[in-house]
Amino acid sequence: MSQPSHARAPGAPPPRSRHVGLVILALAVGGFAIGTTEFASMSMLPLFAQGLGIDAPTAGHVISAYALGVVVGAPIMTVLGARVPRRRLLLILMAMFTLFNGLTGLSPNYHWMLVFRFLAGLPHGAYFGVAALVASSLVPADRRTRAVGQMFLGLTVATVVGVPLASWLGQAVGWRWAFALVAMLGIATISAIAVFAPEVAPDRDASPLRELGALKRPQVWLTLAIGAIGFGGLFAVYTYLADILVQVTQMPLHTVPWIIGVFGIGLTAGNMIVPAFADRALMRTAGGLLVWSIVMLALFPFAAGNVWTLSIDVFFIGIGGALGTILQTRLMDVAGDAQGLAAALNHSAFNTANALGPFLGGLAIAHGYGWTSPGWVGSLLALAGLAIWATSVAGDRSRVAAAEAC
């Protein structure tokens with residue numbers, strides 16, 4: 001029976017690279033660029049709406065176009081790149097990302113911007129999927145989740161540094177320059193990957209058909225469902241945080257970036273701390289993190305009345321974002337030899353969560369349950385994610401018991 005492409009024989013060293021830290025840093029810079037363009041676009045929506053002469057609801061379609069590009073692009077780009085060496089595939093994906101973000105900044109009108117944002121989203125999921133496989137392949141097996149977490153730090157740090165920087169640049173000299181900044185970060189990523197990432201020959205048995213084989217595995221679907229549903233609670237609260245801060249906490253609008261920054265610090269702390277536990281007990285850590293989210297999201301309605309208690313709770317909710325790193329590693333374990341597609345689909349799942357959480361949270365608000373009701377909605381979504389997690393764990397135990405019986 002053939003091993004998965006990321007697997008190594010027991011005791012075998014990881015692929016040789018003199019610059020493991022620099023490779024992971026290069027991959028993280030790419031994540032920083034992607035996180036900056038994804039989240040800063042939301043904060044700059046009024047700017048390019050005014051610049052292109054459209055109203056805010058119409059401008060919001062630009063955000064949706066990017067998310068759609070992520071969901072569609074993750075499986076397509078990964079399957080098409082199945083036979084491409086990972087270093088070269090990373091360069092191609094980041095070149096696409098850089099080009100279409102640069103073109104976004106040059107958009108002559110709304111319709112072209114819509115097209116360029118969709119195209120810029122296509123490499124998003126595939127990049128993170130391939131980058132996670134590269135990062136985990138460079139370190140011993142007992143440090144895989146930490147390596148993936150370090151790569152994801154680029155995305156989480158973007159919420160603290162990149163988004164405010166791009167937003168400031170957009171307000172100071174125009175929204176087009178914010179996309180120019182993202183394009184420059186893309187060029188820096190391409191250069192660093194080209195210099196430091198090791199050349200690894202492609203798997204001779206790799207093929208688009210084999211990658212699609214991931215879709216036949218029930219544990220892949222269960223893992224994706226944990227992310228798509230269990231992670232929705234975090235987005236339910238994050239989306240309405242600004243309104244809650246103004247309407248419930250009674251804070252001025254200019255304090256919103258500070259609270260968003262606290263959330264980003266929580267995300268970053270989670271990706272620095274939690275992976276060390278996950279490397280010892282992956283699924284237990286995932287279950288524990290879901291329980292953590294259930295509690296912290298349920299506490300949110302009680303914490304929202306005071307800016308200090310709200311800030312603390314938002315920080316703790318952000319820590320729950322480490323679930324993305326854990327599920328990325330889980331997918332590597334359950335995907336068999338279809339590593340690339342499963343890893344990329346993780347980001348399709350989280351973009352599904354990004355749509356589901358705000359939608360359900362918005363319904364709760366619209367039906368009169370109050371501005372803080374997304375906290376309850378989020379807690380229930382995390383509880384549903386925990387139920388799916390329990391099903392996945394039960395499936396693992398049944399398979400082990402069946403193997404022992406044989």
Heavy atoms of other groups near [X] [atom1], more than 12 under 6.0 Å:
{"X": "Arg176", "atom1": "CZ", "answer": "yes"}
{"X": "Met272", "atom1": "CE", "answer": "no"}
{"X": "Gln247", "atom1": "CD", "answer": "yes"}

Which atom names give the shortest non-hydrogen contact between [X] and [Y], and what distance separates them?
{"X": "Ser107", "Y": "Met113", "answer": "OG-CA, 3.4 Å"}
{"X": "Pro374", "Y": "Ala236", "answer": "CB-O, 3.4 Å"}
{"X": "Ala322", "Y": "Val274", "answer": "CB-CB, 3.8 Å"}
{"X": "Gly320", "Y": "Leu234", "answer": "C-CD1, 4.4 Å"}
{"X": "Met151", "Y": "Leu27", "answer": "CG-CB, 3.7 Å"}
{"X": "Val377", "Y": "Ala364", "answer": "CG2-CB, 3.8 Å"}

For [X] and [Y], indicate whether the former's side chain and the latter's backbone hold a donor-acceptor pair under 3.5 Å.
{"X": "Thr78", "Y": "Pro75", "answer": "no"}
{"X": "Ser136", "Y": "Leu133", "answer": "yes"}
{"X": "Thr37", "Y": "Ile34", "answer": "no"}
{"X": "Thr309", "Y": "Ala303", "answer": "yes"}
{"X": "Gln328", "Y": "Gly129", "answer": "no"}
{"X": "Tyr110", "Y": "Gly53", "answer": "no"}
{"X": "Trp389", "Y": "Leu222", "answer": "no"}
{"X": "Thr145", "Y": "Ile326", "answer": "no"}
{"X": "Arg330", "Y": "Thr223", "answer": "no"}
{"X": "Ser379", "Y": "Ile294", "answer": "yes"}

On the 0 to 90° scale, with breaks at 30° and 60°, tag the [X]-[Y] ring pair as parallel, tilted or perpendicular.
{"X": "Phe231", "Y": "Phe235", "value": "tilted"}
{"X": "Phe128", "Y": "Phe152", "value": "parallel"}
{"X": "Tyr240", "Y": "Trp371", "value": "tilted"}

Are Phe315 and Trp258 near enough that their ring centres are under 6.0 Å apart?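 No, the ring of Phe315 stays outside the 6.0 Å limit from the ring of Trp258, centre to centre.
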
Give a yes or no on whether the ring-centroid distance for Trp292 and Phe316 is below 6.0 angstrom.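 Between Phe316 and Trp292, which both carry aromatic rings, the centre distance is below 6.0 Å.
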
[Y] side chain reached by [X] side chain, heavy atoms, under 4.5 Å:
{"X": "Leu297", "Y": "Asp313", "value": "no"}
{"X": "Ile259", "Y": "Val307", "value": "yes"}
{"X": "Ser293", "Y": "Leu323", "value": "no"}
{"X": "Ile76", "Y": "Leu122", "value": "no"}
{"X": "Asp333", "Y": "Arg144", "value": "yes"}
{"X": "Phe350", "Y": "Leu327", "value": "yes"}
{"X": "Leu245", "Y": "Leu241", "value": "no"}
{"X": "Tyr127", "Y": "Met77", "value": "no"}

Considering only residues two or more places apart or on different chains, which pairs with a residue in residues 364-379 satisfy salt bridge (Lys or Arg N to Asp or Glu O under 4.0 Å)?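 For residues 364-379: none.
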
Once rounded to the nearest 0.5 Å, what's the spacing between atom [atom1] of [X] and atom [atom2] of [Y]?
{"X": "Met94", "Y": "Leu185", "atom1": "CE", "atom2": "CG", "answer": "9.5 Å"}
{"X": "Leu289", "Y": "Phe277", "atom1": "CG", "atom2": "CZ", "answer": "11.0 Å"}
{"X": "Leu80", "Y": "Leu89", "atom1": "CG", "atom2": "CG", "answer": "10.0 Å"}
{"X": "Ile92", "Y": "Ile190", "atom1": "CD1", "atom2": "CD1", "answer": "11.0 Å"}
{"X": "Ile312", "Y": "Leu299", "atom1": "CD1", "atom2": "CG", "answer": "11.5 Å"}
{"X": "Leu155", "Y": "Phe32", "atom1": "CG", "atom2": "CZ", "answer": "10.5 Å"}

Determine, stepwise, if the pair Thr156 / Asn271 fulfils side-chain hydrogen bond (donor to acceptor under 3.5 Å, both in side chains). CA-CA 8 Å; Thr156 60; Asn271 270 294; 4.6 Å; no

Under the side-chain contact (heavy atoms from CB on, under 4.5 Å) criterion, do Leu52 and Trp175 qualify, and how do the steps go? CA-CA 11 Å; Leu52 296 175; Trp175 62 268; 4.1 Å; yes

Given Leu224, which partner from the list Ile388, Thr352, Ile229, Leu345 fulfils the side-chain contact (heavy atoms from CB on, under 4.5 Å) test?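 The single option meeting the side-chain contact (heavy atoms from CB on, under 4.5 Å) with Leu224 is Leu345.
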
Would you please say whether a donor-acceptor pair under 3.5 Å links the side chains of Arg146 and Thr325?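 Checked: Arg146/Thr325 side chains show no N/O donor-acceptor pair below 3.5 Å.
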
Phe118 vs Tyr66, side-chain contact (heavy atoms from CB on, under 4.5 Å): CA-CA, chis, key distance, verdict: CA-CA 5 Å; Phe118 173 79; Tyr66 184 88; over 6 Å; no

Apply side-chain contact (heavy atoms from CB on, under 4.5 Å) to the pair Thr249 and Asn306, showing each step before the final yes or no. CA-CA 6 Å; Thr249 320; Asn306 178 278; 5.8 Å; no

Salt bridge (charged side-chain N to carboxylate O under 4.0 Å, His left out) partners for Arg399, two or more places apart: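 Arg399: salt bridge (charged side-chain N to carboxylate O under 4.0 Å, His left out) contacts with Asp396.
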
Output, in order, the C-alpha distance, side-chain angles, deciding distance and verdict of side-chain hydrogen bond (donor to acceptor under 3.5 Å, both in side chains) for Arg117 and Asn101. CA-CA 7 Å; Arg117 292 314 289 155; Asn101 272 279; 3.0 Å; yes

Using the rule given for side-chain contact (heavy atoms from CB on, under 4.5 Å), can you reason through Phe300 versus Ile244, listing the C-alpha separation, both sets of side-chain angles and the distance that settles it, and then say yes or no? CA-CA 11 Å; Phe300 181 77; Ile244 292 167; 3.6 Å; yes

